[in-house]
Amino acid sequence: MSATTARITAVDTYDIRFPTSRELDGSDAMNPDPDYSAAYVVLRTRADGDEGHGFAFTIGRGNDVQVAAIDALRDHVVGRSVTELCADPGSLYRDLIGDSQLRWLGPEKGVMHMAVGAVVNAVWDLAAKRAGKPLWQLLADADPAWLVSQVDFRYLTDALTPDEALELLRSGRQGGPDRAAELLRRGYPAYTTSPGWLGYSDGKLTRLAEQAVADGFTQIKLKVGADLADDVRRCRAAREAVGPDIRLAIDANQRWDVAEAIEWTNALAEFDPYWIEEPTSPDDVLGHAAIRRGVHPIKVATGEHVQNRIVFKQLLQAGAVDILQLDSARVAGVNENLAILLLAAKFGVPVCPHAGGVGLCELVQHLSMFDYVALSGTVENRVIEFVDHLHQHFLDPVVIDRGHYRAPTAPGFSAAMHQATIDTYTYPDGAFWAADLANPAEAKDHLKDLTAPAAPTDLTAPAAPTDQADLTAPTDQEDRV
């Protein structure tokens, strides 16, 4: 079958789960025992093996529902022309959002919306591969009018019109080639959450915070919100470990009511937190605005659980956030994230994306890099979150160099996982989970590869071996919680 006549022949889904809860990786005040997971989708074609990869991130059993939601979209995708789909991903986005019987479950929010995002992101991965470019470059090189055509402006025009978006993109392209060259030379600034998980001991927090500074990070983040006395102690330990010149962000993961958020954040002000993240419900626009007034000059950041572009619009209109934290897999894919980036540019609010999880670092780097090269034109006060685990399971893992994300150069959206990972961690029949159900003690041998940092990877190389040491695991009994 020729490339011009190729069609999508299958939409394959996989329930991939990693037992991260057993080492408390990812633990916070609201989510004490996450098993980082991916509801993973592969769009298959018969065009020289072209495939598109995408996923929705969950923290365990939610995958049961999330995979089913992606499966419900299959009939909209199979049979479509690959050429037409890659020339206009927005056509599929509009069809998926417009399925009235599925839309009723949202509309444009929750599990169904995340399923749309997984499929739409897989299309962009396929389009970038066929163009021979990493996604950030595909977007940065694209005609501004075409990018505007990919954005759904319904419910946005009281804050951002298509004409305004076009002007933002046209002006954003000025100097773009120079910024692309600088991006390839230096990378994009990162901050790390790896020291700050709530389940870690003070010893482990201190050791990892000191290591982060040595590795070139200029900002770290701590989880807070379970116990104020513990938070005071942990913030003091972190500040002593990193010194006065490193930014220290704190993250409550939606734990508080509005008044409690103001009181608790101000109680930690002596440690000079740069921002308080997700202080209350992600749906509470006016609550965030009140918190922002109540904790100034500490900044308010949110977005990883904001369900769609409309809520982002309201947060910006209400002056409720200082830092916008879009997520690559929470909303309906690249198309909706383009709308959110444009809104942030219109209101002049810096975007510091949420990442971590399974593959979120791999995806979101492309969005920030596009924003830098072809929209906002700056990295001032902008950083991408980095969490140092699970990257070795991807064919094109993120690479951190002196506290910066190195710009991807491989074609695609960096979403593809090694087949060995799929075979091992698909639930419940993959090798790890089958062994775990049969003999939990024996399955522990697989745990130590979960968070080993990824090295630069040859895209044709086999999957990372399963005996790599977990460099973030406790090294002695004092570090165990």
Side-chain angles (χ1 to χ4, degrees), residues 14-40 55-67 69 110-111 114 117-118 192-201 204-205 208 221-227 230 234 249-255 277-278 281-282 302-307 325 327-330 353-364 385-394 417 421 424-428 430 432-433 436 440 443-444 446-452 470 472-474 479-481:
Y14 303 86
D15 179 344
I16 299 172
R17 307 186 195 187
F18 299 96
T20 50
S21 63
R22 303 182 194 190
E23 297 292 341
L24 298 178
D25 298 321
S27 54
D28 60 55
M30 189 64 78
N31 308 291
D33 59 348
D35 279 335
Y36 277 6
S37 304
Y40 189 73
F55 52 84
F57 169 61
T58 83
I59 59 169
R61 292 188 303 277
N63 255 17
D64 292 333
V65 182
Q66 195 63 66
V67 170
V111 171
M114 292 170 66
T192 180
T193 305
S194 292
W197 301 117
L198 202 62
Y200 286 176
S201 70
K204 186 170 183 177
L205 182 161
L208 294 177
K221 187 170 77 181
L222 265 62
K223 301 293 185 174
V224 298
D227 180 271
D230 285 346
R234 293 171 66 251
I250 54 176
D251 182 359
N253 291 95
Q254 318 156 35
R255 184 64 182 258
E277 181 173 331
E278 283 203 310
S281 166
T302 199
E304 70 179 88
H305 283 87
V306 170
Q307 55 197 293
Q325 297 178 304
D327 183 282
S328 57
R330 172 67 58 177
H354 170 248
V358 178
L360 298 182
C361 296
E362 277 70 21
L363 295 191
V364 85
E385 185 173 20
F386 174 70
V387 179
D388 197 6
H389 54 221
L390 301 172
H391 304 296
Q392 73 274 23
H393 299 290
F394 289 84
M417 286 186 174
T421 289
T424 302
Y425 291 103
T426 294
Y427 186 86
F432 170 82
W433 291 109
D436 186 64
K444 287 182 180 179
H446 289 276
L447 282 176
K448 55 189 175 183
D449 79 314
L450 288 178
T451 59
D470 176 2
T472 67
D479 277 352
R480 297 185 182 275
V481 178

Could you give me the CA-CA distance, side-chain angles and deciding distance for Leu222 and Leu198, then say whether side-chain contact (heavy atoms from CB on, under 4.5 Å) is met? CA-CA 8 Å; Leu222 265 62; Leu198 202 62; over 6 Å; no
Could you give the distance from OG (Ser328) to CG (Leu360), rounded to the nearest 0.5 Å? 4.5 Å
Do the non-hydrogen side-chain atoms of Val358 and Phe394 ever get within less than 4.5 Å of each other? yes
Taking the side chain as every heavy atom from C-beta outward, state whether Asp35 and Arg61 have any pair of such atoms under 4.5 Å apart. no
When you check the side-chain N and O atoms of Thr58 and Gln66, is any donor under 3.5 Å from an acceptor? no
Side chains of Arg330 and Glu304: closer than 4.5 Å at any heavy-atom pair? no
To the nearest 0.5 Å, what is the distance between OH (Tyr427) and OG (Ser37)? 10.0 Å
Under a 4.5 Å cut-off applied to non-hydrogen side-chain atoms, are Asp15 and Asp64 in contact? yes
How far apart are the C-alpha atoms of Phe432 and Thr426, what are their side-chain angles, what is the distance that settles it, and do they pass the side-chain contact (heavy atoms from CB on, under 4.5 Å) test? CA-CA 8 Å; Phe432 170 82; Thr426 294; over 6 Å; no
Measure the CG-CD distance between Asp327 and Gln307 for me, rounded to the nearest 0.5 Å. 13.0 Å
Between Asp251 and Lys221, does any side-chain N to carboxylate O distance fall below 4.0 Å? yes
What orientation do Phe386 and His391 show, parallel under 30°, tilted 30 to 60°, or perpendicular over 60°? parallel
Quick check for you: to the nearest 0.5 Å, what is the distance between Thr424 atom OG1 and Ile16 atom CD1? 10.0 Å
A side-chain contact here means heavy atoms from C-beta on lying under 4.5 Å apart; do Tyr36 and Ile59 qualify? yes
Determine whether a donor-acceptor pair (N or O, by modelled atom type, separation under 3.5 Å) exists between the side chain of Ser201 and the backbone of Lys204. yes
Minimum heavy-atom distance Tyr200-Pro195, with the two atoms named: CD1-O, 3.8 Å
Any chance you could measure Glu385, atom CD, to Thr193, atom OG1, to the nearest 0.5 Å? 3.5 Å
Taking side chain as C-beta onward, heavy atoms only, is Phe18 less than 4.5 Å from Thr421? yes
Arg17 vs Trp433 side-chain heavy atoms within contact, under 4.5 Å: yes
Heavy atoms of Cys361 and Gly356 approach each other most closely as SG-N, 3.2 Å
Which heavy atom of Leu208 sits nearest a heavy atom of Ser194, and at what distance? CD1-O, 3.7 Å
Any heavy-atom pair between the side chains of Val67 and Tyr40 that's under 4.5 Å? no
Given Gln325, which of His305, His354, Glu277 fulfils the side-chain hydrogen bond (donor to acceptor under 3.5 Å, both in side chains) condition? Glu277
Work out which heavy atom in Val364 is nearest to a heavy atom in Ala355; give both atom names and the distance. CG1-CB, 3.9 Å
At what distance, to the nearest 0.5 angstrom, does CZ of Arg22 lie from CG of Asp436? 4.0 Å
Asn63 to Ala38 - nearest heavy-atom pair and separation: ND2-O, 3.2 Å
Is the ring pair Trp197/His389 parallel, tilted or perpendicular, if the boundaries are 30 and 60 degrees? parallel
